[in-house]
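Treat the numbers as computed from the prediction; the structure is a model and nothing was measured. Numbers restart at 1 for each chain; the letters A, B, ... are given by sequence-line order, proteins then strands.
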2 protein chains.
Amino acid sequence: MATIKDVAKLAQVSTATVSRVLNGNGYVHSETKQRVAVAIKELNYRPNDVARNLFKGRSKTIALFVPDIMNPYFPELARAVEDVAQKEEYTFILCNTDDDLEKERKYLEALTQKSLDGLVIVSSTMISEYIKEFNIPVVALDRILYEGVPSVTVNNFEGAQEAVKYLKEIGCKKIAHLAGPQDVRNAEQRRGGYMSEVEQESWFQSSLVERGGYGIEEAMASTTRLLKAHPDIDGLFAANDLMAVGAIKACETLGINIPDQLSIVGFDGIMLGKTTSPSLTTMAQPIYDIGTAAVEMLIQQIRDPDLLIDMKEFQVKLVERGSTIRKEEVT
Amino acid sequence: MATIKDVAKLAQVSTATVSRVLNGNGYVHSETKQRVAVAIKELNYRPNDVARNLFKGRSKTIALFVPDIMNPYFPELARAVEDVAQKEEYTFILCNTDDDLEKERKYLEALTQKSLDGLVIVSSTMISEYIKEFNIPVVALDRILYEGVPSVTVNNFEGAQEAVKYLKEIGCKKIAHLAGPQDVRNAEQRRGGYMSEVEQESWFQSSLVERGGYGIEEAMASTTRLLKAHPDIDGLFAANDLMAVGAIKACETLGINIPDQLSIVGFDGIMLGKTTSPSLTTMAQPIYDIGTAAVEMLIQQIRDPDLLIDMKEFQVKLVERGSTIRKEEVT
DNA sequence: TTGTAGGCGTTATCAG
DNA sequence: CTGATAACGCCTACAA
């Protein structure tokens, strides 16, 4: 690998001059600039970023922390973040945290040593103390960490309300909820939205809410329990699409026809919902846009660290597909 | 951030000594070692990796090039690569190349400037010249690049043969093939496997092979065309799971019952195949293991650059699910 | 067993 | 307009 010295020697100038033409700083006679340019081309010289980073103390690198890239929600997010990073000439590091505080800490420590510039993080575990300690620009995504960290989220509460309203409107008379993990903020918000819509209903009982993890298998079990206890449920709102898919699978096994006997609405709008049979009606998040917004916010923070904290909230949108159907009015 | 100098000062030794205890090099009196250790703890000192990398010329960083992380095959792969990287204390960089040669080149250039240590690459476009030029350890994954690059693959040809044999065995009398892109090596191998099994059959016609991209939508169109032209097809082998899912969706629209009227077998074993209705019979790849093997091979290359080229081939395995059914013998 | 000094490749400052 | 030179933080001969 050629270094700046080689270029300087070949062009018969000092390294300082080469550096100047490289960065477009200071004055350089156009003729010497030419000579340098030629030398650079000649040697196929590329500046060493590591040396640069050492000098500057930053690395033009950002990381994305997700619980698990295999969860279908995250690839689209990762894609968005990577696209922007690439466009802005940042290197993109991906970390799977498994929502494990210890793993998060390790990653952060390792990356700090590499002068990481910033971090987009999806986490329900990461605590303020840690982040503050590392003193690095952060944007929280999907789930708010704590006051004082810029974040990008969606209107979980209202989205959930809308989902339930929709189920009511198409004629559901008894609507259950598959709730997500208690320690995940957005899951609680969605449950809150559901509750606010059904609490006053005469048919409501607390046993219509079934708790579980954010996964397919668990949701299948939950759904089965739910339908055994309440065979007359005709509407189901799942806290995320994965759970909704689990519900669909469970109903397939139980011989319950969707949407005729039971209408199901999910949350997230992941691709998976398009390929099930029936395909899944869902409250879709603009996942790609969320990711884009998050990095852009992050890069702003990096450029101007004492920018005021920004919070952006996206709106979810009802996407009607095959898992719900409007009941015929029986007047 | 505390530096090695701060530690040296506090421990009343030279930076050389601190460096020695840090790296376990050379002799250091156990007592001074203690003092240094205390100072390190005291200052919460962490060595600056950028400076280290500058000195050493390597960065403890590896990258994974995939066409698009949103393609359901890749998250599992990425997870595997990242897991090993993390375990071996490498930083993991993810790049979406869109199978675009120019993008690949840009990434490679940028990463080379950052002293990338090695690269796992899934690509049908990347050409030998480029890689050689950058002179960096590489492991090709899923699709072989060219002779002389270590690679990890699966037995595409035999796997495809097995899929077709299986369809025959369960009683299919006319088996079509949804072939993948012509410029993707593994797609051609799978087509080859199919051909070798059907060429001799009296019912075979070349129009039973329908070409298309590796995506759902295209496959829906191809399937529809295929079934219009040959309504009597009772078996279908798709070059990958995504296409198979497309085929299932198309049949749903066409009112063709799967598996009763048509048995479908995919290739890859992605999670998506579990959630369709019916669920997808497929030739499953050990995706996670493949990823693991690739990085491990890469790290070996990094440690010992003039190791002999290694090629590893994994076996695909038939996973029977709902999209195929054994026909009753009519004797 | 420990310290000194030079260098990894760049950039910014300060003279000239 | 250009060239020395001192950092950035760390590591490894070479001396002592």
Side-chain angles (χ1 to χ4, degrees), chain A residues 1-40 43-61 89 91 109-117, chain B residues 1-40 43-61 89 91 109-117:
Chain A
M1 270 299 215
T3 77
I4 199 172
K5 278 186 191 162
D6 302 324
V7 177
K9 196 168 295 171
L10 185 58
Q12 313 206 51
V13 295
S14 74
T15 61
T17 303
V18 177
S19 177
R20 278 192 274 264
V21 333
L22 237 42
N23 301 292
N25 289 338
Y27 295 87
V28 164
H29 192 87
S30 71
E31 193 188 299
T32 45
K33 196 184 291 188
Q34 274 309 313
R35 280 217 313 286
V36 171
V38 170
I40 287 178
L43 296 170
N44 190 27
Y45 165 75
R46 295 280 173 277
N48 179 326
D49 270 330
V50 179
R52 265 189 182 168
N53 296 341
L54 175 58
F55 185 85
K56 303 212 169 173
R58 10 172 240 73
S59 60
K60 274 283 203 171
T61 297
E89 306 198 278
T91 298
E109 187 144 320
L111 293 174
T112 306
Q113 292 181 230
K114 295 203 168 190
S115 311
L116 185 77
D117 286 353
Chain B
M1 269 300 216
T3 77
I4 200 172
K5 276 186 193 161
D6 303 323
V7 176
K9 197 168 295 170
L10 185 59
Q12 315 205 51
V13 295
S14 74
T15 61
T17 303
V18 177
S19 176
R20 278 192 274 264
V21 333
L22 237 43
N23 301 292
N25 288 338
Y27 294 85
V28 139
H29 193 87
S30 71
E31 194 187 298
T32 46
K33 196 184 293 188
Q34 273 310 313
R35 281 218 312 285
V36 172
V38 169
I40 288 177
L43 297 170
N44 189 28
Y45 167 74
R46 295 280 173 275
N48 179 326
D49 271 330
V50 180
R52 261 186 184 171
N53 296 341
L54 175 58
F55 183 85
K56 305 211 170 176
R58 12 171 239 73
S59 61
K60 273 283 202 172
T61 297
E89 307 198 279
T91 298
E109 188 144 320
L111 292 174
T112 306
Q113 291 181 229
K114 294 203 169 192
S115 310
L116 185 76
D117 287 351

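Taking atom NZ on B:Lys33 and atom C1' on C:dT2, their separation rounds to 14 Å, with Å as the unit. Rounded to whole Å, atom P of C:dG9 lies 11 Å from atom CD1 of A:Ile4. As rounded to whole Å, 12 Å separates atom P of C:dG9 from atom NZ of A:Lys9. Across the protein-nucleic acid pair, B:Asn25 atom CG and C:dT2 atom C1' stand 14 Å apart, rounded to whole Å.
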Write down the protein N/O and nucleotide N/O pairs, taken from nucleotides 13-16 of chain C, whose separation is under 3.5 Å; answer none if there are no such pairs.
none

Inset, instruction - Before giving the answer on side chain to side chain contact (heavy atoms under 4.5 Å, CB included), spell out for A:Val36 and A:Lys33 the whole-Å C-alpha distance, their side-chain angles and the decisive distance to 0.1 Å. - result: CA-CA 5 Å; A:Val36 171; A:Lys33 196 184 291 188; 5.8 Å; no
Inset, instruction - Kindly indicate, with the supporting measurements, whether the criterion side chain to side chain contact (heavy atoms under 4.5 Å, CB included) is fulfilled by A:Thr3 and A:Asn48. - result: CA-CA 8 Å; A:Thr3 77; A:Asn48 179 326; over 6 Å; no
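In this structure, B:Thr61 and B:Asp117 have side chains that are not in contact, with every pair of non-hydrogen atoms separated by 4.5 Å or more. Looking at heavy atoms from C-beta onward, A:Leu22 lies in side-chain contact with A:Arg52 at the 4.5 angstrom threshold. Within the 4.5 Å cutoff, no side-chain heavy atoms of B:Lys60 are placed close to those of B:Asp49. Counting heavy atoms from C-beta on, the side chains of B:Val50 and A:Ser115 come closer than 4.5 Å. You'll find the side chain of A:Leu10 stays beyond 4.5 Å of the side chain of A:Asp6, heavy atoms only.
At the phosphate of C:dT2, OP1 or OP2 sits under 4.0 Å from a side-chain N or O atom of B:Thr32. Taking side-chain N and O atoms only, A:Tyr45 has a distance below 4.0 Å to OP1 or OP2 of C:dT10.
Note: A:Asn44 CG to A:Met1 CE = 8.0 Å, rounded to the nearest 0.5 Å.
Helix bend of the helix from C:dT1-D:dA16 to C:dG16-D:dC1: the angle between its two end axes, each built from five pairs, comes to 50° after rounding to 10°.
Counting any heavy atom pair closer than 4.0 Å across all strands shown, B:Val13 reaches sugar-phosphate atoms only and no base atom. Looking at heavy-atom distances under 4.0 Å, A:Arg46 makes contact with sugar-phosphate atoms alone, never a base. Backbone-only contact: B:Thr17 has heavy atoms under 4.0 Å from sugar-phosphate atoms and none from a base.
Counting heavy-atom neighbours within 6.0 Å of B:Gln12 CD, excluding the residue itself, gives a total of 12 or less.
Toward the 5′ end of DNA chain C lies the nearest nucleotide of B:Ser30, the other residue of the pair B:Ser30 and A:Pro47 mapping further downstream.
For DNA chain D, the outermost nucleotides in 5' to 3' order that have an atom under 4.0 Å from a heavy atom of chain A are D:dC1 to D:dG9.
By the side chain to side chain donor-acceptor pair (under 3.5 Å) test, B:Thr112 pairs with no residue at all, sequence neighbours left out. With sequence neighbours left out, the side chain to side chain donor-acceptor pair (under 3.5 Å) criterion links B:Ser19 to B:Asn23.
B:Lys114 contributes a side-chain N or O that, together with a main-chain N or O of A:Ser59, makes up a donor-acceptor pair within less than 3.5 Å. Between the side chain of A:Thr15 and the backbone N or O of A:Ile4 there is no donor-acceptor pair closer than 3.5 Å.
Near DNA chain C, defined here as any heavy-atom distance below 4.0 Å, the residues from residues 49-57 of chain B are B:Leu54, B:Phe55, listed numerically.
Taking every heavy atom of both residues into account, B:Ala8 and B:Ser14 meet most closely at CB-C, 3.8 Å.
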